[in-house]
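Structure first, commentary second.
Quantities reported herein were computed from a predicted structural model and do not represent experimental measurements. Numbers restart at 1 for each chain; the letters A, B, ... are given by sequence-line order, proteins then strands.
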Amino acid sequence: DAGVTQSPTHLIKTRGQQVTLRCSPKSGHDTVSWYQQALGQGPQFIFQYYEEEERQRGNFPDRFSGHQFPNYSSELNVNALLLGDSALYLCASSFDRGQSNQPQHFGDGTRLSIL
Amino acid sequence: GEDVEQSLFLSVREGDSSVINCTYTDSSSTYLYWYKQEPGAGLQLLTYIFSNMDMKQDQRLTVLLNKKDKHLSLRIADTQTGDSAIYFCAEKGNNDMRFGAGTRLTVKP
């Protein structure tokens, strides 16, 4: 039973570029959340997708956008990259059935470095 | 800054018990969680407790919840070198999870 998988594992970009990160949820899960973890800090919530729609958004600018596909996989897009976007981006999935009570399971993340 | 607070470092000897403490702010949180993060990896769910419970035990792990003081703790019995990692406390909001900055546990042989 595959857990949450993310790709790529590492990525190097330069300021101003755009990036797309991908996530496949754990089998049987229908909800995907994205988090940003800066070095030495806890994860910060970016947004959550359920039924292909953004259900809740954290305090991140519009440069951060996402998508969820019919097979529940998800993408995180970041435009106009800044040095401060360098972080570990974590995807988490859960089986919510609309009730948001289930624990979230995390992937190993994508390490994004901005030069 | 984080709404959930944890001490940053804890060092113990192998075989001793470890206690990691956390305070949270949202009294309406229905679930509280402990995650473990090893170097270069994502977060591994260790255990979670429903807010109407005050204790949960799972093998070497014991979670204590003091809802009045909004205090959560994780006790690891017979701590091993493989337990060395960063431990995160988290509370569940509507759909998001709010994390502390993490406690780095070092286990000395």
Side-chain angles (χ1 to χ4, degrees), chain A residues 3-7 9-10 21 23-26 29-51 53-60 66 68 87-111, chain B residues 1-9 20-26 28-53 56 58 61 63 72 74 85-106:
Chain A
V4 179
T5 57
Q6 294 187 242
S7 63
T9 54
H10 296 85
L21 310 182
C23 172
S24 292
K26 183 178 165 72
H29 285 186
D30 58 3
T31 303
V32 173
S33 304
W34 286 92
Y35 294 81
Q36 180 194 67
Q37 186 180 20
L39 201 60
Q41 297 182 23
Q44 298 289 319
F45 176 75
I46 303 175
F47 42 52
Q48 183 181 83
Y49 277 84
Y50 174 72
E51 291 189 336
E53 291 191 357
E54 184 182 288
R55 180 157 68 175
Q56 184 176 341
R57 188 179 184 91
N59 188 25
F60 280 79
Q68 185 180 33
L88 180 68
Y89 288 84
L90 294 163
C91 172
S93 72
S94 55
F95 176 55
D96 280 7
R97 229 180 337 189
Q99 294 182 359
S100 305
N101 283 334
Q102 300 303 310
Q104 296 182 4
H105 297 258
F106 285 78
D108 284 338
T110 294
R111 172 76 58 189
Chain B
E2 267 91 20
D3 295 327
V4 177
E5 294 188 353
Q6 304 177 238
S7 53
L8 294 182
F9 302 98
I20 302 171
N21 294 301
C22 167
T23 56
Y24 61 98
T25 58
D26 187 352
S28 65
S29 294
T30 51
Y31 287 93
L32 295 142
Y33 303 83
W34 285 102
Y35 285 85
K36 175 184 179 183
Q37 187 174 37
E38 297 183 80
L43 273 65
Q44 174 194 351
L45 177 66
L46 286 178
T47 187
Y48 60 102
I49 187 167
F50 188 51
S51 59
N52 70 352
M53 299 170 65
K56 179 178 179 180
D58 184 1
L61 304 179
V63 178
L72 184 73
L74 173 69
I86 300 176
Y87 290 80
F88 291 95
C89 165
E91 61 182 350
K92 188 81 176 286
N94 286 334
N95 301 298
D96 60 320
M97 296 189 70
R98 296 184 289 265
F99 291 84
T103 299
R104 182 179 294 276
L105 174 64
T106 302

Tell me, for B/Gln37 versus chain A, whether the close heavy atoms (under 4.5 Å) come from the side chain, the backbone, both or neither. side chain

Answer with side chain, backbone, both or neither: which region of B/Phe50 has an atom nearer than 4.5 Å to a non-hydrogen atom of chain A? neither

With a 4.5 angstrom heavy-atom cut-off, which part of B/Leu43 approaches chain A: side chain, backbone, both or neither? both

Taking side chain as everything from C-beta outward and backbone as N, CA, C, O, which of these in A/Leu88 sits under 4.5 Å from a heavy atom of chain B? Side chain, backbone, both or neither. side chain

Which answer fits A/Tyr35, side chain, backbone, both or neither, if we ask what part of it has an atom under 4.5 Å from a heavy atom of chain B? side chain

Rounding to 0.5 Å, atoms NZ (B/Lys92) and OG (A/Ser94) come to a distance of 6.0 Å

Applying side chain to side chain contact (heavy atoms under 4.5 Å, CB included), name anything that partners A/Asp108, two or more places apart in sequence or on another chain. B/Ala41

So, using salt bridge (charged side-chain N to carboxylate O under 4.0 Å, His left out) as the criterion, who are the partners of B/Arg98 when residues are at least two apart? B/Asp26, B/Glu91, B/Asp96

Flag side-chain contact, heavy atom, 4.5 Å: A/Gln104 against B/Tyr33: no

Nearest atoms (heavy-atom pairs only) where B/Asn94 meets A/Gln56: CB-OE1, 3.5 Å

If you draw a 6.0 Å radius around CZ in B/Arg104, do more than 12 non-hydrogen atoms from other residues or ligands fall strictly inside? no

Just checking B/Asn52: does its CG atom have more than 12 heavy atoms from other residues, nucleotides or ligands closer to it than 6.0 angstrom? yes

Kindly give the heavy-atom pair with the smallest separation between A/Gln37 and B/Phe88, and that separation in Å. NE2-CZ, 3.4 Å

Minimum heavy-atom distance between B/Leu45 and A/Pro103, given as atom pair plus value: CD2-CB, 3.6 Å

